[in-house]
Amino acid sequence: MKRNIVIAVVTAAALVGGGTATALAVSGDDDDASAPVTRTDDDRDDRDDRDDRSDDDSDDGDRAAAPGDVTAADAIAAALKHTPGTAVSAELDDGSWEIDVLGKGDTWHSVRVDPGTGKVLGSSKDDEDDAAEVRAALKGTSVTAEQAAKAAAAKGTVVSVDLDDDGDDRSWEAETRASGGDGQDWSVGLTTASVTADRDDD
């Protein structure tokens, strides 16, 4: 009995619908031939379609990181859960929320939070010389940065909250963005959480 011989024969090469079709015939014994297996550029087109869908998914991931999915208030809450202290500012910057937290003594922490998932991405510690000034500005107040962010959210998507401790007219400063991309600055009361248009905003 003959030993099985595998012979690969290229039987045709033709343009089919703009692609190349190649027939591959595989046989064992001389009297037993299997049906040809045909591969076309359509297979590659299918893979390209899958790659395109993967790219679309990554775009969705980018959209998931847009402001509003994880609000400023949510980001502050996540930062304080990770690093206890007093949140003094929150800003959406370079694709992540950055929250400044005043810890014990003069220790400051900068906590980064993913705007798409709310997970803490990391934190760093700094010693700044304005801790006493900030504590004095917040003394006797009842509205936290998180509460100020929630109050300002009624005016639009909050992209930053910061303590304005200059002079006697102290407040939380919040910036919102409308759906059209226009920005607006607001002052949020430190004791009442009342939101008013920032008079210094042009």
Side-chain angles (χ1 to χ4, degrees), residues 63-202:
R63 285 193 292 273
D69 294 336
V70 173
T71 66
D74 293 337
I76 293 170
L80 292 178
K81 184 176 180 180
H82 179 271
T83 306
T86 302
V88 177
S89 70
E91 181 179 10
L92 190 62
D93 185 44
D94 291 334
S96 67
W97 283 107
E98 291 189 8
I99 295 89
D100 288 334
V101 178
L102 177 57
K104 294 181 178 179
D106 295 337
T107 303
W108 286 93
H109 301 271
S110 180
V111 184
R112 292 184 299 110
V113 176
D114 189 305
T117 64
K119 293 182 179 179
V120 173
L121 301 174
S123 64
S124 58
K125 184 169 65 173
D126 292 307
D127 288 327
E128 300 290 344
D129 58 3
D130 60 346
E133 180 181 347
V134 170
R135 292 188 192 282
L138 290 174
K139 186 176 181 180
T141 64
S142 56
V143 178
T144 65
E146 181 180 352
Q147 292 168 333
K150 288 180 179 179
K155 304 296 184 178
T157 300
V158 178
V159 294
S160 71
V161 176
D162 192 18
L163 176 65
D164 180 8
D165 57 358
D166 293 333
D168 296 330
D169 192 16
R170 298 170 298 165
S171 66
W172 291 107
E173 286 187 345
E175 180 184 357
T176 62
R177 294 281 172 85
S179 57
D182 295 331
Q184 173 70 48
D185 291 334
W186 306 90
S187 293
V188 183
L190 292 174
T191 57
T192 64
S194 60
V195 182
T196 57
D198 191 338
R199 62 175 178 270
D200 294 328
D201 183 35
D202 296 329

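Nearest heavy atoms, A73 versus A149: N-CB, 3.8 Å. When all heavy atoms of P115 and D69 are compared, the closest pair comes out as O-CB, 3.8 Å. In terms of heavy-atom proximity, V143 sits nearest to A148 at CG1-N, 3.9 Å. Contact detail for A131 and D106: the closest heavy-atom pair is CB-OD1, 3.4 Å. Across all their heavy atoms, H82 and S123 have their closest contact at CE1-OG, 3.6 Å. Nearest heavy atoms, S96 versus L121: CB-CD1, 4.0 Å.
Scanning for side chain to side chain contact (heavy atoms under 4.5 Å, CB included) contacts around T192 gives S194, with sequence neighbours left out. Shown here are the side-chain hydrogen bond (donor to acceptor under 3.5 Å, both in side chains) partners of S160, two or more places apart in sequence or in another chain: there are none. Under the rule for a side-chain hydrogen bond (donor to acceptor under 3.5 Å, both in side chains), the partners of E175 that lie at least two apart in sequence or sit in another chain are R177. Applying the side chain to side chain contact (heavy atoms under 4.5 Å, CB included) test to L163 and every residue at least two apart in sequence or in another chain returns V88, V134, A137, L138, D165, W172, L190. Qualifying side-chain hydrogen bond (donor to acceptor under 3.5 Å, both in side chains) partners for D166, counting only residues two or more places apart in sequence or in other chains: none. Contacts of A87 classified as side chain to side chain contact (heavy atoms under 4.5 Å, CB included), with partners at least two apart in sequence or in another chain: I76, L80, I99, A145. Listed by chain and residue number, A151, K155, W186, V188 satisfy the side chain to side chain contact (heavy atoms under 4.5 Å, CB included) test with V195 (two or more places apart in sequence, or in another chain). Qualifying side-chain hydrogen bond (donor to acceptor under 3.5 Å, both in side chains) partners for D74, counting only residues two or more places apart in sequence or in other chains: T71.
Interatomic distance, OG of S89 versus CG of D164, reported as 12.5 Å (0.5 Å rounding). Taken to the nearest 0.5 Å, the CG atom of D114 stands 8.5 Å off from the NZ atom of K119.
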TODO: Evaluate the side-chain contact (heavy atoms from CB on, under 4.5 Å) criterion for residues T176 and T157: first the C-alpha distance (whole Å), next the side-chain angles of each, then the deciding distance (0.1 Å), finally the verdict.
DONE: CA-CA 5 Å; T176 62; T157 300; 5.9 Å; no
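Under a 3.5 Å cut-off, the side chain of S142 and the backbone N or O of T191 do form a donor-acceptor pair. No side-chain donor-acceptor contact under 3.5 Å links W97 to the backbone of A79.
Screening residues 132-150 for salt bridge (charged side-chain N to carboxylate O under 4.0 Å, His left out), with sequence neighbours left out, gives E146-K150. Pairs engaging residues 76-102 under the salt bridge (charged side-chain N to carboxylate O under 4.0 Å, His left out) rule: none recorded [sequence neighbours left out].
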